[in-house]
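Reviewing the structure listed below.
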Amino acid sequence: MSGSVGEQAVGGVGVGVVGMGSIGVLHARALRDLAPRARVVAYSGGRSPDAAEAAGDAVRVAPEDVARHPGVDVVVVCAPSGSHARLALAALEAGKHVVVEKPLAVTVEDAVLVARAARERGLLVSTVSQRRFEPQHRALRRALDDGALGELRLVAAHVPWFRDDDYYAAAPWRTSAAAGGGSLMNQGVHTVDLLGWLCGPVESVTAQDGTLSRAVAAGPPGDVAEDTTVATLRFASGALGVVTTTTATPPGFPATVALHGSLGSVELAQDEVRRWDVPGVPAPGSGTARGGAADPLAIGHAGHRAQWERVLAAVAGTEPVPVDAADAVETVRLLCAIRLAAATGARVRPADL
C-alpha cells in the first residue's frame, strides 16, 4: 500500500493494534464484525485471554513493529493518552493510515503536529468519537441543522461518573495530568467532543477543578490530575453552556446532554431520550442509557464498529474521513482551554491556543 486514501490491501484492510488492552479488544471485536473488509493482522500488548480471543490469528509484535508489519494498512492507537501523538506520528512516518483513540493528543501543539503530518503525507487520521454515530445524537444533529430547535440558547452537559481505586492502580497514568489523566481529558472528552460537534465553535471558557478522591490525589507530585471539573462555555453562536465532569461520585450515573433552543429542547442520557420537545420532529428510538458511568467497558463495541465502517469507506475513497485530524484538533483546543482556565482563573479563548 503506497499510503494514499483510496487504496486497499488485497483481502481487506489490514489493521495493526498498538495496545491490545481493554479498548484494543473493543476495536478488534468491531473489526471482526466487519470481516472480510478488514482484519487485525498484528498487535502489541494484550496478554489476557480476551485479547488472545479478539486478536484471532494476528501476530503479536513489539509496539514499534506494528506500523512496520507489511500487512498493516491502518494502525489503531489504543495506548495511554499521553503516547497518542507520538505513536500516530510514527505510524504516519511509516506510511500508514491512523485511527487514534480519544483524544488525538493531550496538547494542542502535538495535535497540530499530527494533523500537519497527515495532510503532508496524504494519509487518513481518524480520532475515535463513537458517540457522534449513535442514532440519537445523529437525529439531534439533523434537528439542529434543520433549525428545528430554533436559536440555541442554553447547553448543559454532565458526566457524573465513578472510578474506584483499582481503576487507578491498574494504570497509574490515569492520575497524571501530563499523561492525559483526569475526568475531563480521559472521561469527559466524548461529551466535550459532542458539544463542539452539535453546537459549533466555543468562543471562550471559564473553569474550576479539583482532586477530591484519595486514589487520584496519590498521583505523581506536581502532576496530579483533577477528578472533578466545572466549566462554563460561551459559544460563537451566542449560546451559553456548562460542562461538569467527575469520576468521584459513586456509584456513577449516565452522562447527560441537554440542549435548549428558542423553539424546542432535547435531553439525552447516553443514548436514552429523556426529553424530546421538538415541534414537527418525532423523537428517535431510545436506548438503554448504558455507558461508562461505572465500568469503562460497558459501552460495548457498536459505536466503534459504526466509526470503523466509515473509516473503511474513507480508505476506499468512497466517503470522507470520519472525525478527521483537523476536527480532532478543535476538541483538543477546547479541552486544553478548559484546563488552562481552571489552572489560571482566566477566561480562555480556545482559538488562541
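Below, each value reflects all heavy atoms present in this structure, side chains not excepted, and no hydrogens, waters or symmetry copies. Count residues from 1 along the sequence.
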Report the residues that fulfil side-chain contact (heavy atoms from CB on, under 4.5 Å) with [X], sequence neighbours left out, ordered by chain and then residue number.
X    : value
S237 : F235, A239
A207 : A231, I338, A341, A342
V108 : V112, V332, R333, C336, L353
R339 : A177, L184, M185

Hydrogens and angles aside, do [X] and [Y] bring a side-chain donor and acceptor to less than 3.5 Å of each other?
X    : Y    : answer
W197 : H137 : no
T232 : T206 : yes
T245 : Q187 : no
Q307 : S126 : yes
H27  : E101 : yes
D193 : T331 : yes
H158 : T244 : yes

Return yes if some donor-acceptor pair links the side-chain N/O of [X] with the main-chain N/O of [Y] below 3.5 Å, else return no.
X    : Y    : result
H69  : G71  : yes
S176 : A179 : yes
H97  : L123 : no
E319 : E309 : no
D164 : D166 : yes
H84  : A79  : yes
K96  : A67  : yes
R39  : A58  : no
E330 : G196 : no
W161 : F253 : yes

Looking at P160 and A255, what are the two nearest heavy atoms and their distance?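 Scanning both residues, the minimum pair turns out to be CD-CA, 4.3 Å.
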
Over all atoms of both residues, closest heavy-atom pair of P103 and T127: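 Shortest heavy-atom separation between P103 and T127 comes out as C-CG2, 4.4 Å.
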
To the nearest 0.5 Å, what is the distance between [atom1] ([X]) and [atom2] ([Y])?
X    : Y    : atom1 : atom2 : result
H301 : L31  : NE2   : CG    : 9.5 Å
H304 : Q130 : NE2   : CD    : 4.5 Å
L26  : C78  : CG    : SG    : 8.5 Å

F133 reachable from V100 in the ILVMFWY side-chain graph, under 4.5 Å edges: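 Each belongs to a different hydrophobic cluster.
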
Can L140 be reached from V192 by stepping across I, L, V, M, F, W or Y side chains whose heavy atoms are under 4.5 Å apart?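 Both belong to a single hydrophobic cluster.
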
Of all residues at least two apart in sequence or in a different chain, which pass the salt bridge (Lys or Arg N to Asp or Glu O under 4.0 Å) check with [X]?
X    : answer
E53  : R29, R32
R116 : none
D145 : R141
R174 : none

Under 6.0 Å from the CZ atom of R234, do we count more than 12 heavy atoms belonging to anything else shown?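 No, CZ of R234 has 12 or fewer neighbouring heavy atoms, counting only those of other groups under 6.0 Å.
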
Is it true that, when you exclude Q208 itself, more than 12 heavy atoms of the residues, nucleotides or ligands shown sit nearer than 6.0 Å to its CD?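 For Q208, atom CD is not crowded (no more than 12 foreign heavy atoms under 6.0 Å).
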
Distance-only check: which donor-acceptor pairs under 3.5 Å involve side-chain atoms of residues 88-95, not counting sequence neighbours?
none

Between E134 and R132, does the salt bridge (charged side-chain N to carboxylate O under 4.0 Å, His left out) criterion hold? Intermediate values first, please. CA-CA 6 Å; E134 293 170 352; R132 294 191 187 193; over 6 Å; no

State, with a plain yes or no, whether a side-chain heavy atom of S129 is found less than 4.5 Å away from one of K102.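 When only atoms from C-beta onward are counted, K102 and S129 do not touch, as no gap falls below 4.5 Å.
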
Can you list the residues that meet the side chain to side chain donor-acceptor pair (under 3.5 Å) rule with S44, with sequence neighbours excluded?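 In terms of side chain to side chain donor-acceptor pair (under 3.5 Å), with neighbours along the sequence ignored, S44 is linked to no residue.
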
side-chain hydrogen bond (donor to acceptor under 3.5 Å, both in side chains) contacts in which one or both residues fall within residues 211-221, not counting sequence neighbours: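 Of all non-adjacent pairs touching residues 211-221, those that pass side-chain hydrogen bond (donor to acceptor under 3.5 Å, both in side chains) are S213-D227.
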
Checking one residue: Y168. Which other hydrophobic residues are in its cluster under the side-chain 4.5 Å linking rule?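 Y167, V216, V224, all in the cluster of Y168.
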
